[in-house]
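We use all heavy atoms of the structure for the numbers below, so side chains are in, but hydrogens, waters and symmetry mates are not.
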Amino acid sequence: MSARGNPLVAVATYNEIENLPRLVDEIFHYVPEAEVLVIDDNSPDGTGRWAAQRAAEDPRVHCIHRAAKLGLGTATIAGMRYAITEGYPYVITMDADFSHHPKYLPALVGGMESAGPDGGPVDVMIGSRYVSGGGVEGWPLRRHLMSRGVNLYARLLLRLPARDCSGAFRCYRAETLRRIDFDRIRSRGYSFQEEILWHLRRAGARFAETPILFVDRRAGISKINLREALGALWIIFRLALSR
């Protein structure tokens, strides 16, 4: 294990060449001490090639190249494992499409040691759309309702102490992630977001939230669909039964 004191920002990518170069620059603008890990699922648009070239030129950038599109959940786990193995204190997960703006990164990192109810440390800081000051821009009514419904469903069934259980913009304490048996995680897609919180809650993790404005992507193509949403509901239900 190498001793690193900087936060790691893990970005899962598939066909994000329109967004990733600017995103990496913006991450370093807002959190100069951060390092970036790109987990690319063999993007045919050259995202992985760009990331490899940037990593060769910039020691703050790292890459994991996967053979195929294997799902957001497994990509996120790969980033978490990397952070644990390499000794980073925190791993931040965020979308590559600027739905999660890097300007919120300082609040996520800064809250890790002071955002608890007693002013103490937490294990997960969530960039939340559903706390005071947060919100969503650019969604149709149908997607607003779907997101609110999934979050309410997850909070009730899994007893999660967070308003935003389905968002991917989070900072995790790597030492706390060591308590999780990643091999037991069932989710491969978007339901990973609820499942990892469920496992962390069972492991005694402390959560906090900071408001963000989620902005629907302006470049590239969204990967979420009805099948993903229904699959998430089924996995949440199975987790609730396993309590």
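- Between S191 and S187 the shortest heavy-atom distance is OG-OG, 2.9 Å.
- A cation-pi geometry, defined here as NZ or CZ lying under 6.0 Å from the six-membered ring centre and within 45° of its normal, does not hold between R201 and F207.
- Counting only distance, with no hydrogens or angles, the side chain of S43 and the backbone of D45 share no donor-acceptor pair below 3.5 Å.
- Side-chain heavy atoms closer than 4.5 Å link hydrophobic residues (I, L, V, M, F, W, Y) into clusters, and following such links, even through other members, never connects L145 to L152.
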Test log, rule side-chain contact (heavy atoms from CB on, under 4.5 Å), inputs V11 and L37 = CA-CA 6 Å; V11 184; L37 173 67; over 6 Å; no

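- Residue V91 comes nearest to A10 through the heavy atom pair CG2-CB, 4.1 Å, listed as atom of the first residue, atom of the second, then distance.
- Between S147 and W139, some side-chain heavy-atom pair lies under the 4.5 Å cut-off.
- Between the D123 side chain and the R173 main chain, no donor and acceptor come within less than 3.5 Å of each other.
- T93 places a side-chain N or O within donor-acceptor distance of the main-chain N or O of A168, the cut-off being under 3.5 Å.
- Here the side chains of T210 and I126 are not in contact, with every heavy-atom distance at 4.5 Å or above.
- Figure legend: cation-pi geometry between R60 and F28, with NZ or CZ positioned under 6.0 Å from the six-membered ring centre and within 45° of its axis.
- Side-chain contact between L177 and L200: present, with at least one pair of heavy atoms (C-beta onward) separated by less than 4.5 Å.
- Note on V124: it does not cluster hydrophobically with V131, by side-chain heavy-atom contacts below 4.5 Å among ILVMFWY residues.
- Applying the side-chain hydrogen bond (donor to acceptor under 3.5 Å, both in side chains) test to E194 and every residue at least two apart in sequence or in another chain returns nothing.
- Side-chain contact check for H101 versus I212: every heavy-atom pair is 4.5 Å or farther apart.
- The closest donor-acceptor contact from the side chain of E209 to the backbone of R163 lies under 3.5 Å.
- What you find for E26 and P102 is that their closest heavy atoms are CB-CG, 3.7 Å.
- Side-chain atoms of I27 and L105, non-hydrogen and from C-beta on, do get closer than 4.5 Å to each other.
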Candidate pair R184 and E195, rule salt bridge (charged side-chain N to carboxylate O under 4.0 Å, His left out), full reasoning = CA-CA 10 Å; R184 297 186 62 189; E195 183 169 0; over 6 Å; no

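- A cation-pi contact, defined as under 6.0 Å to the ring centre and within 45° of the axis, links K69 to Y14.
- Taking CG of L23 as the reference point, atom CG of D97 lies at 8.5 Å (rounded to 0.5 Å).
- The aromatic rings of H100 and F169 lie parallel to each other, their planes meeting at an angle below 30°, with 60° marking the opposite boundary.
- Atom CD1 of I84 and atom CG of L8 lie 11.0 Å apart (nearest 0.5 Å).
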Any chance you could lay out the side-chain contact (heavy atoms from CB on, under 4.5 Å) test for E137 and D216, step after step, and finish with the verdict?
-> CA-CA 6 Å; E137 181 180 290; D216 201 20; over 6 Å; no

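- Both F192 and L157 are part of a single hydrophobic cluster, where members link through side-chain heavy atoms under 4.5 Å apart.
- Across every non-hydrogen atom of N6 and Y88, the tightest pair is O-CD2, 3.0 Å.
- For the pair R159 (side chain) and L156 (backbone), a donor-acceptor distance under 3.5 Å is absent.
- By the rule that hydrophobic residues join a cluster once side-chain heavy atoms approach within less than 4.5 Å of another member, Y30 and V61 end up as members of one cluster.
- Looking only at atom types and distance, the side chain of D40 has a donor-acceptor partner in the side chain of T13 under 3.5 Å away.
- A donor-acceptor contact under 3.5 angstrom links the side chains of R129 and S166, judged on distance only.
- Under a cutoff of 6.0 Å and an axis angle of 45°, R202 and W198 form a cation-pi pair.
- Salt bridge D25/R54: present, at least one basic N to carboxylate O contact under 4.0 Å.
- For the residue pair G71 and R66, the shortest heavy atom distance occurs at O-NH2, 3.2 Å.
- Using modelled atom types, one finds no donor on one side chain facing an acceptor on the other under 3.5 Å when comparing R155 with Y153.
- One distance of note links CD1 of I235 with CG of L158; it measures 11.0 Å at 0.5 Å rounding.
- One finds the CG atom of D164 at 9.0 Å from the CZ atom of R148 (value rounded to the nearest 0.5 Å).
- The closest donor-acceptor contact from the side chain of T74 to the backbone of L70 lies under 3.5 Å.
- Using modelled atom types, one finds no donor on one side chain facing an acceptor on the other under 3.5 Å when comparing T176 with R206.
- Shortest non-hydrogen contact noted between C63 and H65 is CB-NE2, 3.5 Å.
- Taking OG1 from T47 and CD from E18, the interatomic distance works out to 9.0 Å, rounded to the nearest 0.5 Å.
- To the nearest 0.5 Å, the span separating CZ on F214 from OH on Y130 amounts to 8.5 Å.
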